Structure formats: structure tokens, C-alpha cells
Amino acid sequence: MDSPKRPARMISRTVIGRSFEGLARYLVEGHKGQEADKKAELLGSAGVRTDTVAHLVADFNLGRQLHPELGKAVWHTSLSFNPDDAAKLTGEKMRAIAEDYMEEMKLTGTQYAIIRHRDRPGHEHVHIIANRVADDGHTISDSNSFLRSKEALTKLIQRHELTPPQGLRVEKQHPEHLEGVDKAKQEVKDALHQALATASDRPALLAALRAEKISAQEFTNKAGVVTGISFEKDGHSFKGSAVARGYSLAGIEKQLAANQLTQQAEKARQEAAQEAAAQEQRQAAAQLAAQQQAAEQQAAQLHEAERWAAQVAKGPELPAIERKWQADYQQYAADLAQQNAPIQARNKVIDSYRTYLQKHPNEEGIAAVVQAMKGDPRTAALKAELDRQVAARATHAKQWADSYGQQAALEKQAKGGIFGKNAASREAEEKLKFLTEKDRPLPGLLVPALLAFARAAKAADRPAPAVGFEASAYYQPEHVGLSLAEYAAKREAER
């Protein structure tokens, strides 16, 4: 081991992983319950939003879609510095060092974030999280990263006038150079770190460890409850808490539960995004069809106007004043049809909203229509009506939950306890009567709990508020034109 008197030196450690989610949350928030410990500070970034961890992860995952077959797309390097250099390690200085390191490692043309931690005095270090899928889609190589990193550190120490290493021990910079029990422990730790980034249950975790030739043994108490876990690698065994504090059974279960929630949320988000994209495509198709129909209608109107004008021009029965202005009236009718075309097209879009809700008469259908109307101030009244319908249906759903939704629990409660009937069981019996006897009168105001339940039950008996609207109520009115006689009289008066 290094002598305690020997000064620390600038070192690096690089891990190539699969999940941006776990790493990003750790770098920005720290371990759950210890969020303040990291004191994370963003020094620089490119190609990612940094206002929230969710946006940071979403942008990294979007970038990796340029090469979805690459499993290990996460590059993570930590750079630690000699405490003697602390005075010169401003945020700008550490960012420059980190960016120079990325340049030396050819980690360029890709998304990245540089994050400084101030979790312990005298432990100056910075983290680089980057996407191995470059902006142009090619894969950034991680081969020989240890040797390349060693050469890069030598250059950076000289370039930035940092404290050089003394008695440099490479095995402290990279786990590949550890031996025996230390090597086995580090490999278990790394494998747990990678597996817990994505695993959402214990079987998945153990399967990932077996792939790395690591076995696990669970310990149970007399009741058969698992109370501890240990890991074995190359003949060396370690308790989970001995590998790292977060790898005790409790820590592992907590991380698995967090991963499960994260994956469920991500699945829901992806499904919502897919549905929104599909709805946008359907809406675009509906708008195009409406525009085409409006154009056809306009052409038909123009044709009818021309036919009518031609027919009128032949008829000697027209008054002289109308024959005088009939040519101008033909152009007037064509202009009017052109003004009404976009109005008719928009009204067709309103029709498409109504039709969609007829096929999807639920909250999801309303949400899709509201999303399609987003940004159009002309649909404010329709949006208010749909919001009202959502609120009314939510109220009805709550009334059902507060009455019929409790029926099973009330039936169980009505049976009484081990000492027979009691006040609670008798109240449950009374409530059940309101669910089975539809014409039962409301109780008096002196029993507010029963009164509230009875009102909820009677309201829940009514059908849920309908979804939909009358399209014509939200149409934009078309421009109304003059007849030939009115037009001719108007022009004569103006002349």
C-alpha cells in the first residue's frame, strides 16, 4: 500500500456501462437519502438539456438511438486530483482539464456532461458522462482505454502544471491490475454496479451476476425470510455490505424497487409518446383530407358559379342592370368561395375531432383531441367544454369509488368482529342497503357519514357523463354573399 505520507496524485477511472439513468441520477443527486452529500456542480455540457435529470437522461437515450444495437453506450470517467492542487482547481480550470482529457481520448463529437463533486474536503474530483454513440452515429472506441488514459494524464499533468505522481501504482487506477481477493472484490463491485443500473428484480440481478461468473448466496431466518446476501467470485466470498455500503440486502432491494418504478414510468412515457405520435399522424391525415375536401368543394362552387353565370348570360329575362354587372358578379362569387375555403377546411377539422371522440368516448380520447388543438386559440371554447367533461367524469368516478367501490370491504366489515356485531359493522350494513335498495330514502342530516355515502351511491347510479360535442356549435361562420340582384343594386348605388 502507498505510504500515508505520500501525496495523492491525479488519477482516472473509466467504466463503460449500459444505463444513463442510474449513473446520471447518482452523479447529480447522489444516493437516495444522501442527496446533499454530492454537492454536484455542472461545469459544462453539449447536446443535452441539464435543467432536470429526466431531460438529461432522455437526451442521452435519444442520441443512442442512432446506434440502438450498441448495448454499452455509456462512457463514465472520474478524474481525481492531488489536494495540493486545490487552490488552482477553479470550475473553469477543471472544465478545461476535463475537456482536454476528452480530446486526448478522442471522446469528441458526442453528447457529454462534466459534473464536479464536493462531497469530501480534500477530495477534488470531476466526472465525465458521455455517449459512445457520436453525433454522426459512429461508435467511439473504448479499446485500450486504460493505457490511453494513462498517456492522457501524463500530458494533462504537464500541460496544466498539476502535481505529478510519486511512486505511481497503476493497480490503483484500474481494476484490471488488482490481484487475488482485491481483484475479486472489485469485479463483484463493478458487476453489481452495472447490474443494478437496470435490474428490477432479484432473479434478473442474479442472472446478470452469473453471466459474470459471480454466484450469490441468500441467508434466511427461522421464518424463511431472506435477511442477508453474500457473493462469491474466483473462490473469494464477500458479504454484500462488505463489497460496498449500498450493496447490503436492504440496499439492493431498495435499488431494485427504484429501478422497477423507473422502468414502469419509462414504459408509460414511451406508450404515451407513441400514442401521441400516432394521434398526430391521424390528425395530420384528417386535416389533409379536410383540406382536399374543401378544395374540391371550392372547385365545385366555382364551377357552379361559372355555369350559373353562363346560363344567366343567355337569358334575356334578366333585368338590364343585372346583365350589366353579371360578369363582375362572377368574379365576386369566385372570390367569396376562395375566402370561405379555409373556413370550411377548419370546420372539417372540428368534424374530425367529433368523429374521433365518437370512436374514443373516454378520457384518453379527450386528451388526444386537446393535444391536437394545442396552440390554436380559436378552439378555446371547445377545450373548456372538454375540460368540463373530464372534470364531470372524474367526479362521477369518485362518487362510484366512494360507494360501490367500497362494497366488498363493507360486506366484510358487516360480518362483525370476533366479539360479534359492533357499531362499525352496523354502519356497514346500513351503507350496503343504499347499494342494493335503489329507492331507499336519504338518511337524516344527523348521520352525516351515511348521508354522504347515500348521496354518492345515488349519483353513481346515474350513467357517467357523456363524451363528445356538437360540431356545428364550434364552427367558424362562413362569409355570406349577395345575390346577383343585390350585388347589381349595390354597385349601381356605389357608381
Side-chain angles (χ1 to χ4, degrees), residues 278-361 365-389 465-495:
Q279 172 58 20
E280 288 181 3
Q281 292 178 351
R282 291 192 292 268
Q283 184 57 42
Q287 290 177 344
L288 179 60
Q291 291 171 355
Q292 291 175 342
Q293 185 174 359
E296 293 172 357
Q297 185 175 358
Q298 179 186 359
Q301 290 175 343
L302 289 174
H303 176 73
E304 179 62 22
E306 292 172 354
R307 186 195 65 77
W308 178 83
Q311 183 177 357
V312 169
K314 297 177 182 179
E317 70 279 0
L318 283 177
I321 187 175
E322 292 184 23
R323 291 199 302 274
K324 176 181 178 180
W325 294 106
Q326 63 183 346
D328 288 354
Y329 182 75
Q330 182 178 354
Q331 182 60 46
Y332 162 78
D335 293 341
L336 184 64
Q338 188 171 5
Q339 292 174 23
N340 282 328
I343 297 175
Q344 294 164 353
R346 180 182 178 278
N347 291 343
K348 290 297 182 182
V349 172
I350 298 296
D351 285 336
S352 72
Y353 294 155
R354 179 199 58 192
T355 302
Y356 184 82
L357 285 181
Q358 288 174 342
K359 296 180 179 179
H360 306 84
I366 292 178
V369 170
V370 170
Q371 176 64 28
M373 295 189 303
K374 188 175 182 180
D376 186 354
R378 298 171 298 182
T379 57
L382 177 55
K383 181 180 182 302
E385 168 59 20
L386 295 179
D387 288 342
R388 184 198 65 76
Q389 293 179 15
V467 170
F469 61 94
E470 180 58 44
S472 60
Y474 300 93
Y475 282 170
Q476 181 181 350
E478 298 183 27
H479 300 290
V480 179
L482 302 173
S483 66
L484 175 58
E486 293 170 335
Y487 179 83
K490 179 175 180 293
R491 292 297 300 272
E492 276 296 308
E494 292 172 349
R495 189 174 68 87

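Note that the structure is a prediction, hence the values are computed from the model and not measured. Worth knowing before you read on, the calculation uses all heavy atoms, side chains too, and leaves out hydrogens, waters and symmetry mates.
- If you take CD on Gln281 and CD on Gln283, they are separated by 12.0 Å, rounding to the nearest 0.5 Å.
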Derivation and outcome, side chain to side chain contact (heavy atoms under 4.5 Å, CB included), residues Phe469 and Leu357: CA-CA 9 Å; Phe469 61 94; Leu357 285 181; 3.8 Å; yes
Side chain to side chain contact (heavy atoms under 4.5 Å, CB included) between Glu385 and Tyr474, worked out: CA-CA 11 Å; Glu385 168 59 20; Tyr474 300 93; 3.5 Å; yes
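- When the side-chain hydrogen bond (donor to acceptor under 3.5 Å, both in side chains) test is applied to Asp376, the partners found at least two apart in sequence or on another chain are Arg378.
- Between Ala337 and Gln298, the shortest heavy-atom contact is O-CG, 4.1 Å.
- Side-chain contact, Glu478 with Gln344: a donor N or O sits under 3.5 Å from an acceptor N or O.
- A search for side-chain hydrogen bond (donor to acceptor under 3.5 Å, both in side chains) contacts involving Gln339 returns nothing, not counting sequence neighbours.
- Applying the salt bridge (charged side-chain N to carboxylate O under 4.0 Å, His left out) definition to pairs two or more places apart or across chains, none involves residues 468-477.
- Remark: Gln371 engages no residue in a side-chain hydrogen bond (donor to acceptor under 3.5 Å, both in side chains) (not counting sequence neighbours).
- Listed by first then second residue, pairs satisfying side chain to side chain donor-acceptor pair (under 3.5 Å) with a partner in residues 285-294 number zero, not counting sequence neighbours.
- Once rounded to the nearest 0.5 Å, the distance linking CG of Leu382 with CE of Met373 reads 4.5 Å.
- Distance check: Thr355 OG1 to Asp351 CG gives 6.5 Å after rounding to the nearest 0.5 Å.
- Between the side chain of Ser483 and the backbone N or O of Glu486, at least one donor-acceptor pair lies under 3.5 Å.
- Sorted by first and then second residue, the ring pair (Phe, Tyr, Trp, His ring centres under 6.0 Å) pairs with a member in residues 334-359 read Tyr356-His360; sequence neighbours excluded.
- Here the side chains of Val369 and Lys383 are not in contact, with every heavy-atom distance at 4.5 Å or above.
- Not counting sequence neighbours, the partners of Glu492 by the salt bridge (Lys or Arg N to Asp or Glu O under 4.0 Å) test are Lys324, Arg495.
- The salt bridge (charged side-chain N to carboxylate O under 4.0 Å, His left out) contacts involving residues 280-300 comprise Glu275-Arg282, where partners must be two or more places apart or lie in separate chains.
- The side chain to side chain contact (heavy atoms under 4.5 Å, CB included) test applied to Ala488 returns Ile321, Glu322, Trp325, not counting sequence neighbours.
- Listed by chain and residue number, Ala392, Arg393, His396 satisfy the side chain to side chain contact (heavy atoms under 4.5 Å, CB included) test with Pro465 (two or more places apart in sequence, or in another chain).
- Between the Gln389 side chain and the Gly468 main chain, a donor and an acceptor come within less than 3.5 Å of each other.
- For residues 326-345, the salt bridge (charged side-chain N to carboxylate O under 4.0 Å, His left out) pairs, not counting sequence neighbours, are Asp328-Arg491.
- Of the possible donor and acceptor atoms, one in the side chain of Tyr329 sits under 3.5 Å from a partner among the backbone N and O of Leu482.
- Note that CD of Gln338 is 11.5 Å distant from NE2 of His479, once rounded to the nearest 0.5 Å.
- Under the side-chain hydrogen bond (donor to acceptor under 3.5 Å, both in side chains) criterion, Asn347 pairs with no residue, sequence neighbours left out.
- With contacts defined as side-chain heavy-atom distances shorter than 4.5 Å, the pair Thr379/Arg346 qualifies.
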